[in-house]
There are 2 protein chains.
Amino acid sequence: MKLNKEISQDNYANWFALYHLCQNIGSQKAIHISSTEFGKILNLSQQTASRRINDLEEIGWIQRKIIGKDQVIRITKKGADVILAMYKNLRQILEEILIVGEVTEGMKEGGYYVRIPGYLAQFQEKLGFKPYFGTLNIQLSDLNKELLEENLKNQIPVRIEGFEDNKLGRTYGAVDCFICSVSRLDNQDVKVDSAILKIKRTHHKKNIVEILAEDYLREKLKLKDGDRLRIEFTKK
Amino acid sequence: MKLNKEISQDNYANWFALYHLCQNIGSQKAIHISSTEFGKILNLSQQTASRRINDLEEIGWIQRKIIGKDQVIRITKKGADVILAMYKNLRQILEEILIVGEVTEGMKEGGYYVRIPGYLAQFQEKLGFKPYFGTLNIQLSDLNKELLEENLKNQIPVRIEGFEDNKLGRTYGAVDCFICSVSRLDNQDVKVDSAILKIKRTHHKKNIVEILAEDYLREKLKLKDGDRLRIEFTKK
DNA sequence: ATTACTAATATCCGAGTAG
DNA sequence: TCTACTCGGATATTAGTAA
């Protein structure tokens, strides 16, 4: 009984059709494809594939030219934006679901910084807490690391300035911190304000992140090696 | 006539249901949601929403507990992987569609490097071509820049080593190059082997990328300011 | 309240086919 | 060949309820 031909933007058949088109366009700017071929891609008949293409054109997600037997399709800006919007949504979802890592042993570089008075004073002043004298190390999967890095790009770091120790005659470099909160995966009620320590010369191989907090996190969250933690950014 | 209840993984109704669930779970590990509420999110009836939840559970994308009137849903690993797979596919699509920028004026830092013999010899040796004495500057949108950065992470750079010039008594830092090819958006047939110059002290504000090639790209591709170029990375 | 069954109905798909 | 129409049958959704 509906009069508008149900060609709406939240029709997921259309979304999937666009998605598959994009996948098959690859790096060309346009694709020559018949409705039969497209039907094969979508696991649908030529007739339905043809209707999909029509619908996508009506929505304005694609542009299409039929020249004789040849049909040339290109994705419009509007269509690319639809893909982009979904991409961004998925990224957000994954960041929320997946920024999770395992507690791993040792207090490495991070702990070193906390114990140097020139840094410690700054941590205390700029982070708003006096950090425990060691850091908690979190091991991330490649994907988690990647997602974390992407996330950090959108954060404004707390910059701990470098300084010189004249007596020792040596220089200490600047360090960036990223405010976050950490919690056990199995108890989201207790979230501890923390900071990720971003040290210049990072391990490129090991996806380990160092967490700074006021409390001794292993005790506070009753953590042992291998326990899983979620890192969150209490953002905007 | 089909006996298997058509609860398949490539059923996009299920995919969208999972997607919307994820969006509403947010950073909680689980969500309390009734089928009526879920129906509102999906723009579907309570009955259909209920069936969707059942289906998702059967596929193994979610896990669900009904305790009295309360229904608690959590995404399984398998479900998260489905989202992740789509994310990765979209990223690939966007990289192919969207790594596009506008030609902008000037030969900036890049050109400087090419003219220094200590660098030039290395460019020639390691890139396999003797670069033109200036670079082409490409202005990227924030998103394009972001996608490019992500892409570069997966590339192995050609490292141009730093060196010292004893006569001048100064040091030159290392530079990373990323092999790519560039082409006009409106003529994908001509692709020019090039390299992105990754200079340490990048403009953090301006999303400008510098391209090195054997030919004078402005001439070779008949470019003027504002023309759009696609940057591609030939295969993985 | 809930979830979810069954039956009625709305929607979608593809065979046949025209242009 | 192509695209894309009509229309009957297949499938999905919802209304009415039960539990």
Side-chain angles (χ1 to χ4, degrees), chain A residues 1-21 24-25 30-76 79, chain B residues 1-21 24-25 30-75:
Chain A
M1 195 56 75
K2 274 185 189 166
L3 295 175
N4 61 328
K5 294 175 56 193
E6 194 69 42
I7 297 167
S8 68
Q9 314 243 345
D10 62 336
N11 177 343
Y12 26 76
N14 287 334
W15 192 91
F16 261 76
L18 178 70
Y19 164 66
H20 279 114
L21 256 181
N24 284 276
I25 281 188
I31 188 174
H32 297 247
I33 196 172
S34 70
S35 54
T36 308
E37 288 173 290
F38 190 45
K40 273 180 195 141
I41 291 169
L42 295 177
N43 251 304
L44 288 170
S45 67
Q46 170 271 319
Q47 292 90 333
T48 303
S50 169
R51 208 174 41 240
R52 280 295 132 77
I53 292 171
N54 266 316
D55 293 351
L56 290 180
E57 196 180 15
E58 263 188 65
I59 308 174
W61 288 356
I62 66 168
Q63 204 183 324
R64 183 250 307 253
K65 266 184 210 145
I66 302 176
I67 307 158
K69 295 176 185 176
D70 212 23
Q71 180 174 236
V72 181
I73 294 171
R74 65 169 66 212
I75 312 294
T76 61
Chain B
M1 196 57 72
K2 275 184 189 167
L3 293 175
N4 62 328
K5 294 174 56 192
E6 195 69 43
I7 297 166
S8 68
Q9 313 240 346
D10 62 337
N11 177 345
Y12 28 76
N14 288 334
W15 192 90
F16 259 76
L18 178 70
Y19 164 65
H20 279 113
L21 257 180
N24 285 276
I25 282 188
I31 188 175
H32 297 247
I33 195 171
S34 71
S35 54
T36 308
E37 288 173 289
F38 190 44
K40 274 181 195 141
I41 290 169
L42 295 177
N43 251 304
L44 288 169
S45 67
Q46 169 271 319
Q47 292 87 335
T48 304
S50 168
R51 207 179 46 240
R52 280 294 130 78
I53 292 171
N54 267 315
D55 292 351
L56 290 180
E57 196 181 16
E58 265 189 62
I59 308 174
W61 290 354
I62 65 167
Q63 203 181 326
R64 183 250 304 255
K65 266 185 210 143
I66 301 176
I67 307 157
K69 295 175 186 177
D70 213 21
Q71 179 175 236
V72 181
I73 294 170
R74 67 170 65 212
I75 312 294

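Naming: A, B, ... by sequence-line order, numbering from 1 per chain.
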Would you say A/Thr48 reaches C/dC13's phosphate, i.e. side-chain N/O to OP1/OP2 under 4.0 Å?
no
For C/dT3, does OP1 or OP2 lie under 4.0 Å from any side-chain N or O of B/Gln71?
yes
Please classify the nucleic acid contact of [X] as base, sugar-phosphate, or nothing, using heavy-atom distances under 4.0 Å.
X: B/Gln46; answer: base
X: B/Ser34; answer: sugar-phosphate
X: A/Leu44; answer: sugar-phosphate
X: B/Ile66; answer: sugar-phosphate

Quick one: on DNA chain D, does A/Arg64 or A/Tyr12 contact a more 5' nucleotide (nearest heavy atom)?
A/Arg64
Exam field: side chain A/Thr76 to backbone A/Gly60, donor-acceptor pair closer than 3.5 Å
yes
So, does B/Gln71 use its side chain to make a donor-acceptor pair with the main chain of B/Ile66 at under 3.5 Å?
no
With a 3.5 angstrom cut-off on both distances, give the Watson-Crick or G-U wobble partner of D/dC5, or none if there isn't one.
C/dG16
Students often mix this up, so state it plainly: with edges at 30° and 60°, are the rings of B/Tyr19 and B/Trp15 parallel, tilted or perpendicular?
parallel
Would you name the heavy atoms of B/Phe16 and B/Leu42 that are closest together and state the gap between them?
O-CD2, 4.3 Å
